[in-house]
Q: 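Sharing a structure with you now.
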Amino acid sequence: MDQRPIGVFDSGLGGLTAVRQLRRLLPSEQIIYFGDTARVPYGNRSRETILKYARQDVAFLRRFDPKAVVIACGTVSSNCLHELQAENDIPVVGVVEPAVRQAVQETKSGRVGLIATRASVSSGAYQELFRRLAPGAEVFSRACPLFVPLVEEGRFQPGDPVIETVAGEYLADLKRAGVDTLVLGCTHYPLLTEVIGGVMGEGVALVDAGGAAAQAVSRWLAEHDALAAGGGGADYYVSDRAADFARLAEIFLQESLEHTAKQIEIEMD
Ligand code: DGL
C-alpha cells in the first residue's frame, strides 16, 4: 500500500482525459494534476523547449512527493520520456508505449493510423515502437496541429462546422489508406471521439493514448503493491487563469469538480 499521490501533467486540459480514466480505474488514489495552460500548446515547439517545460512540470509535481508521475501528454511522452525517466527516481509513465501496445492488440489488418501533434509525429517515437512491437504493421501518420487549439476553445462538438471541416481534411488520407485502428496520440483528442469516429466510420477502432496509460499505471501499482486505500480525490493546478480551467474541465473529466484549480507560477528558474 502506498498513500502518496499520483502526479499527472499535460500542456493544458487534454491530460484530464487520462485523469478521467485514472479516477474510474483507481477511485482510491489521490491525483495531483498540473495543466500548463499558460504555455499550451507544446506540440508546435522545438524538442529543447518541450524538454525545458516538461522538467519544470515534473519539478512542480515532485513537491507533492508523488509515487509516480504520468506524462498525460503525447508530445512530452514522445520527445522527452527517456530524459524524464533517467532524471527521476520514481516511475515516470508516458502514453506512447501503452497506446502502441493497445493498437497492436486491436488491429486485425495491420494497417494502423496515428494522429498526434506535429512534435509527436516528427519525433518518430510512436512509429519506432510499432516497428519494434509489430514489425509487419503499416503505420500511416498525420499531424493535426489545429485539433489542440480547437479543443481548448471548446470547439469539439459533432456538427460544429469548423471541427468537422478540419477533421475531414486531416483524416482523409488515413481513411483512404483503409486503417482499421487509429491511435489518438494526443490526450486532447478523446474529446473528438465522435467527430473522428464519424469521419473514419464504424469499423475503425480508436485508441485513447491517455486511457491506455491510465490502465498501464493501474496495472503497475497493483503489481507493485502500491495502491492507495481509502477515499481518493484530485487537486488541480494550472499556470494561467483558473476560471478558464473550470469552464472546460468538467467536460473533459465528465464529473463535477469538488473545487476548482489553483493558479501557480511555473517558470521557477
Ligand atoms: N495533450 C497534448 C498531447 O498529448 C497536447 C499537446 C500540445 O500542447 O500541443 O500531445
Side-chain angles (χ1 to χ4, degrees), residues 7-22 33-58 61 69-81 84 92-100 102-103 113-127 129 141-156 163 166 170 182-193 196 206-214 216-217 236-240 244-245 248-249 251-253 266:
V8 182
F9 75 96
D10 178 40
S11 56
L13 296 167
L16 293 175
T17 62
V19 172
R20 178 169 89 205
Q21 299 300 340
L22 281 170
Y33 182 83
F34 174 63
D36 195 3
T37 50
R39 302 188 295 195
V40 67
Y42 286 6
N44 301 324
R45 298 183 194 272
S46 68
R47 194 178 166 279
E48 292 67 37
T49 302
I50 296 167
L51 181 57
K52 177 180 139 191
Y53 289 176
R55 283 180 168 140
Q56 291 172 332
D57 302 343
V58 173
L61 287 173
V69 168
V70 180
I71 309 171
C73 175
T75 304
V76 174
S77 302
S78 51
N79 282 277
C80 317
L81 177 70
L84 297 177
V92 177
V93 180
V95 300
V96 175
E97 185 168 337
V100 171
Q102 193 178 319
L114 163 71
I115 53 173
T117 64
R118 201 173 269 141
S120 295
V121 171
S122 62
S123 77
Y126 282 99
Q127 299 92 320
L129 205 56
S141 51
R142 178 70 154 105
C144 303
L146 289 173
F147 276 175
V148 168
L150 284 171
V151 167
E152 294 265 338
E153 275 298 314
R155 302 295 295 269
F156 48 76
I163 192 65
V166 171
Y170 281 157
L182 178 62
V183 176
L184 310 186
C186 167
T187 52
H188 281 70
Y189 298 178
L191 271 290
L192 298 170
T193 296
I196 293 169
L206 304 182
V207 174
D208 165 359
V217 172
Y236 302 99
Y237 295 86
V238 287
S239 50
D240 207 332
D244 294 344
F245 172 88
L248 283 175
I251 302 174
F252 275 75
L253 289 165
I266 192 64

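Both counts, for ligands and for their atoms, begin at 1 and track the order of listing. Every value quoted in this text rests on a predicted model; they were computed, and no experiment measured them. Each residue takes its place number in the sequence, starting with 1.
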Q: Identify, with sequence neighbours excluded, every residue that meets side chain to side chain donor-acceptor pair (under 3.5 Å) alongside Y33.
A: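 Y33 satisfies side chain to side chain donor-acceptor pair (under 3.5 Å) with no other residue.
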Q: Excluding sequence neighbours, so at least two apart, what forms salt bridge (charged side-chain N to carboxylate O under 4.0 Å, His left out) with R47?
A: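 Partners of R47 under the salt bridge (charged side-chain N to carboxylate O under 4.0 Å, His left out) test: E83.
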Q: Can you name the salt bridge (charged side-chain N to carboxylate O under 4.0 Å, His left out) partners of E97, sequence neighbours left out?
A: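 Residues passing salt bridge (charged side-chain N to carboxylate O under 4.0 Å, His left out) with E97: R101.
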Q: Between the side chains of R39 and D57, is the shortest nitrogen-to-carboxylate-oxygen separation below 4.0 Å, so that they form an ion pair?
A: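 Counted as a salt bridge, because a side-chain N and a carboxylate O are separated by less than 4.0 Å.
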Q: Pairing donors with acceptors under 3.5 angstrom, does anything connect the side chains of N79 and Y42?
A: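 N79 vs Y42: no donor-acceptor pair found between side chains.
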Q: Mind checking the OH-OG1 spacing from Y189 to T187? Nearest 0.5 Å is all I need.
A: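 The OH atom of Y189 sits 9.5 Å away from the OG1 atom of T187.
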Q: Considering only heavy atoms, which protein residues lie less than 4.0 Å from any atom of ligand 1?
A: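 Only D10, S11, V40, P41, Y42, G43, C73, G74, T75, T117, V148, C186, T187, H188 have heavy atoms that fall under 4.0 Å of ligand 1, ordered by chain and number.
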